[in-house]
Trainee: 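Mind looking over this structure? Questions follow.
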Protein chains: 2
Amino acid sequence: MGATTESPRQRYRAQVQEEIKQHAWEQIATAGASALSLNAIAKQMGMSGPALYRYFANRDELITALIRDAYQSLADAIRSAAAGGADLRGLAQAMRAWALEDPQRYLLIYGTPVPGYQAPDDTRQLTNDVMTKLLEAAGGAGLGALPASPLGEHLAASDAGWATAYSAEPERLHRAVVFWTRLHGVLSLELAGHFSGMGFDPARVYAAEVEAVAGH
Amino acid sequence: MGATTESPRQRYRAQVQEEIKQHAWEQIATAGASALSLNAIAKQMGMSGPALYRYFANRDELITALIRDAYQSLADAIRSAAAGGADLRGLAQAMRAWALEDPQRYLLIYGTPVPGYQAPDDTRQLTNDVMTKLLEAAGGAGLGALPASPLGEHLAASDAGWATAYSAEPERLHRAVVFWTRLHGVLSLELAGHFSGMGFDPARVYAAEVEAVAGH
DNA sequence: TCGCATCGGTGATAGCCTCTAACTGTCGCC
DNA sequence: GGCGACAGTTAGAGGCTATCACCGATGCGA
């Protein structure tokens, strides 16, 4: 991808940064994001604590990089599913698979936010990528019309700057939003373990919500 | 409430514990649960760090107490709404109001869990209280039938030990589960700020989901 | 009423963490 | 070949959780 020829130093730097993030993901997967320790990562990599600060100015910057990667990974998963011709159902399954692959990665994006935290601008772009794929699929063939509702009118009237390409088709917007919120509802409760011990299969609840939106 | 007459010491102890939790909630509301510091609370209360450990054995125990209180508070909100004759719509509004009142309190229950954490047994009881109220309201008058679906059959077949009282009415179970997941979907995305900058009103999305389940 | 066990509070301390500062060695570009 | 930029080091400040040993007050039973 048109990278202006990298110096060996830049190369090395990028490699180490990647390795740091690798270790960070392992920590997060086993103990959650709040337990992430730069110090521990440094030790694992055989170097002393402060060395890490050459690569990430502070803990927040590392976490932000991880969030960025998580968004990127989700966007990729969605994009490749869409490229493979997946419809709304397909995207839903791709999202679920991606989430179950590493629950803490999903929760890093959609879980509890730190009150002050502001996501960097480029993650907005990645969110838009995901929403755009959703919007495209939300206009797919074989979808029945959504019942008219106040929400439909509200969405039609709202200035969805992020979805201007589809502002002429509020129906899509409506379906995409409902799709997103319902799937997230099931997924996040499942990942947080709130279904455990309730005796039913989260996959079936998820499938039912997919059908409710993707219609027949 | 039939408390076996309290000694002055127990009385004082309970008061201090309450005050600690009060400060803890303030910290959580402004900086999130992960930033909660026993040390800081002690200082705020004018005593030295280790003193707090007389009241809560460790950080986890304090957080567990807060989670318990959060469940209790939610259960109370739901119960009092139900006692006031609220139907499904009413419960939904009560839940949303309760969540918006203190987003981090909602997220303490339904947000990102620490991978190893096991909720204490009595919170299961409180969850059941909430679900029971939902189940009661899910059988209210004026509700159209849910379309038959694989999920309906699955729920009917699953041994929902937590809902034995309604095992003969799987329709209620179905509606309650869908109610819960859809509302949580909208609410958690709103609280996490994922709707910000999208140009529509979360309250309308929420209302639309309520109508979709509570029917007309 | 008195004695003493229990309880709440203290400072000291160990061990973790983030992050800064000053210093050293090394790599690679001109 | 030399120099500048960069990666790494140790030392250390300051914060945190948590434990320990030690006091002083409190309130209960005898």
Side-chain angles (χ1 to χ4, degrees), chain A residues 3-67 108 114-117, chain B residues 3-67 108 114-117:
Chain A
T4 29
T5 34
E6 284 176 354
S7 74
R9 279 219 160 123
Q10 288 173 321
R11 220 182 152 71
Y12 177 74
R13 188 179 174 76
Q15 266 178 8
V16 176
Q17 275 177 332
E18 218 50 46
E19 194 181 341
I20 291 170
K21 289 194 284 187
Q22 194 57 39
H23 286 279
W25 280 120
E26 284 163 22
Q27 277 197 19
I28 286 180
T30 66
S34 61
L36 187 141
S37 152
L38 299 200
N39 230 325
I41 293 175
K43 270 197 223 163
Q44 277 177 25
M45 293 178 62
M47 55 183 178
S48 267
L52 267 193
Y53 288 79
R54 298 284 175 198
Y55 300 93
F56 295 94
N58 51 46
R59 216 185 96 112
D60 264 27
E61 203 173 274
L62 172 55
I63 289 184
T64 296
L66 296 174
I67 290 176
L108 198 60
V114 174
Y117 184 79
Chain B
T4 28
T5 34
E6 283 174 354
S7 74
R9 278 214 162 128
Q10 288 172 321
R11 217 180 154 75
Y12 178 72
R13 187 178 175 76
Q15 265 178 9
V16 176
Q17 275 177 331
E18 219 51 45
E19 194 181 340
I20 291 171
K21 288 194 284 187
Q22 195 55 40
H23 286 277
W25 279 120
E26 282 162 23
Q27 278 197 16
I28 286 180
T30 67
S34 60
L36 185 142
S37 152
L38 299 201
N39 231 326
I41 292 174
K43 270 198 223 164
Q44 278 177 25
M45 294 179 60
M47 55 183 176
S48 267
L52 267 193
Y53 289 80
R54 297 284 177 199
Y55 299 93
F56 295 95
N58 51 47
R59 218 186 95 113
D60 263 28
E61 203 174 272
L62 172 55
I63 290 184
T64 295
L66 296 174
I67 291 176
L108 197 61
V114 174
Y117 185 80

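Labels below follow one simple rule: chain letters A, B, ... track the order of the sequence lines, proteins then strands, and each chain is numbered from 1.
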Trainee: Please report the distance, rounded to the nearest Å, between CZ in A:R59 and P in D:dC16.
Mentor: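 In whole Å, D:dC16 P lies 15 Å from A:R59 CZ.
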Trainee: Could you tell me whether B:N58 contacts a base, only the sugar-phosphate backbone, or nothing, with contacts defined as non-hydrogen atoms closer than 4.0 Å?
Mentor: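 Since only primed, P, OP1 and OP2 atoms lie under 4.0 Å of B:N58, the category is sugar-phosphate.
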Trainee: What nucleotide, of C:dC17, D:dA18, D:dA7, holds the atom closest to the side chain of A:R13?
Mentor: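 So the nucleotide nearest the side chain must be D:dA7.
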Trainee: Just how far, in rounded Å, is P of C:dG8 from CZ of B:F56?
Mentor: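 From B:F56 CZ to C:dG8 P: 12 Å.
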Trainee: Round to a whole Å and report the spacing from CG of B:D60 to C1' of D:dA18.
Mentor: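 Computing the B:D60:CG to D:dA18:C1' distance gives 13 Å.
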Trainee: Just how far, in rounded Å, is C1' of D:dC23 from CZ of B:R54?
Mentor: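 Spelled out: CZ on B:R54 to C1' on D:dC23 is 11 Å.
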Trainee: How many whole angstroms separate atom CD1 of B:I20 from atom C1' of C:dG8?
Mentor: 11 Å
Trainee: When you measure from the side-chain N and O atoms of B:S37 to the phosphate of D:dC16, is any distance below 4.0 Å, counting only OP1 and OP2?
Mentor: yes
Trainee: Mind checking the CD-CG spacing from A:E61 to A:L38? Nearest 0.5 Å is all I need.
Mentor: 10.5 Å
Trainee: Nearest 0.5 Å please: distance from the CE atom of B:M47 over to the CD1 atom of B:I41.
Mentor: 9.5 Å
Trainee: Would you tell me if any nitrogen or oxygen in the side chain of B:S7 comes within less than 4.0 Å of OP1 or OP2 on D:dG27?
Mentor: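 For D:dG27, neither OP1 nor OP2 has a side-chain N or O of B:S7 closer than 4.0 Å.
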Trainee: So do A:L36 and A:L66 actually touch side chain to side chain, heavy atoms under 4.5 Å?
Mentor: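 When only atoms from C-beta onward are counted, A:L36 and A:L66 do touch, with a gap below 4.5 Å.
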Trainee: If you compare every side-chain N and O of B:Y12 against the phosphate oxygens of C:dG9 (OP1, OP2), does one of them come in below 4.0 Å?
Mentor: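 It does, given that an N or O in the side chain of B:Y12 lies less than 4.0 Å from OP1 or OP2 of C:dG9.
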Trainee: Could you tell me how far apart A:E19 (CD) and D:dA7 (P) are, to the nearest whole angstrom?
Mentor: 15 Å
Trainee: Between A:K43 and A:A57, which residue's closest nucleotide on DNA chain C lies nearer the 5′ terminus?
Mentor: A:K43
Trainee: Of all the nucleotides listed (D:dA18, C:dT18, D:dT9), which has the minimum atom distance to the side chain of A:M47?
Mentor: D:dT9
Trainee: Quick one, A:D60 and A:V114 - any side-chain contact, counting heavy atoms below 4.5 Å?
Mentor: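 No, side chains not in contact.
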Trainee: OP1, OP2 of C:dG9 versus side-chain N and O of B:Y55: anything below 4.0 Å?
Mentor: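 For B:Y55, the contact criterion (side-chain N or O under 4.0 Å from OP1 or OP2 of C:dG9) is met.
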Trainee: Which whole-number value in Å describes the distance from B:R11 CZ to C:dC7 C1'?
Mentor: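 Checked: the CZ to C1' distance equals 18 Å.
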Trainee: Both B:P50 and A:R9 contact DNA chain C. Taking the nearest nucleotide for each, which residue is further toward the 5' end?
Mentor: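 Looking at the nearest nucleotide for each, B:P50 comes out on the 5' side.
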Trainee: With nearest nucleotides of DNA chain D determined for B:A40 and B:P8 from heavy-atom distances, which residue corresponds to the more 5′ nucleotide?
Mentor: B:A40
Trainee: Using side-chain heavy atoms (C-beta onward) and a distance below 4.5 Å, is A:Y55 in contact with A:E19?
Mentor: no
Trainee: If I take atom OH in residue B:Y53 and atom P in nucleotide C:dG8, what distance separates them, rounded to the nearest angstrom?
Mentor: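 Going from OH in B:Y53 over to P in C:dG8 covers 17 Å.
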